[in-house]
Structure formats: C-alpha cells, structure tokens
Amino acid sequence: MKKYLLLIEDEDLWSKFKENIKRDINSEIMSLIQEKIKSKGGKK
C-alpha cells in the first residue's frame, strides 16, 4: 500500500472540509478523487 502526504495551505478551507466530512479523512478524499475521475470519463 502506498501512502501519500497531503499538504493543505489554506487552514480555513481545511477546517470547513473537516467539519463536513461524514467518514474518516482518507475515505472522504478517496471519494472526491473517484468523483473527479468519473466526471472526466476516466476509468475507475
């Protein structure tokens, strides 16, 4: 399993994101990536 480091420079934006997540942060980020790929017509 590969691990990646996520750097967030906008702390206000990050705080808003954390308040709105329903699951753990990794799952939410993976969902956002999957949605982005689907919207571009890419493969799963």
Please round to the nearest 0.5 Å and tell me the distance separating atom CD of E35 and atom CE of M30. 12.0 Å

Under 3.5 Å, which donor-acceptor pairs link side chains of residues 20-29 to any protein atom two or more places apart or in another chain?
| unit_1 | atom_1 | unit_2 | atom_2 | d |
| --- | --- | --- | --- | --- |
| N20 | ND2 | K16 | O | 2.9 |
| R23 | NH2 | S31 | OG | 2.5 |
| D24 | OD1 | S27 | OG | 2.7 |
| D24 | OD2 | N26 | N | 3.3 |
| D24 | OD2 | S27 | N | 3.1 |
| D24 | OD2 | S27 | OG | 3.4 |
| E28 | OE2 | K22 | N | 3.1 |
| E28 | OE2 | R23 | N | 3.2 |

I need the full list of ring-ring contact (aromatic ring centres under 6.0 Å, His included) pairs touching residues 15-39, with sequence neighbours left out, sorted by first then second residue. W14-F17

I'd like to check the side-chain contact (heavy atoms from CB on, under 4.5 Å) partners of D10; sequence neighbours left out, ordered by chain and number. D12, L13

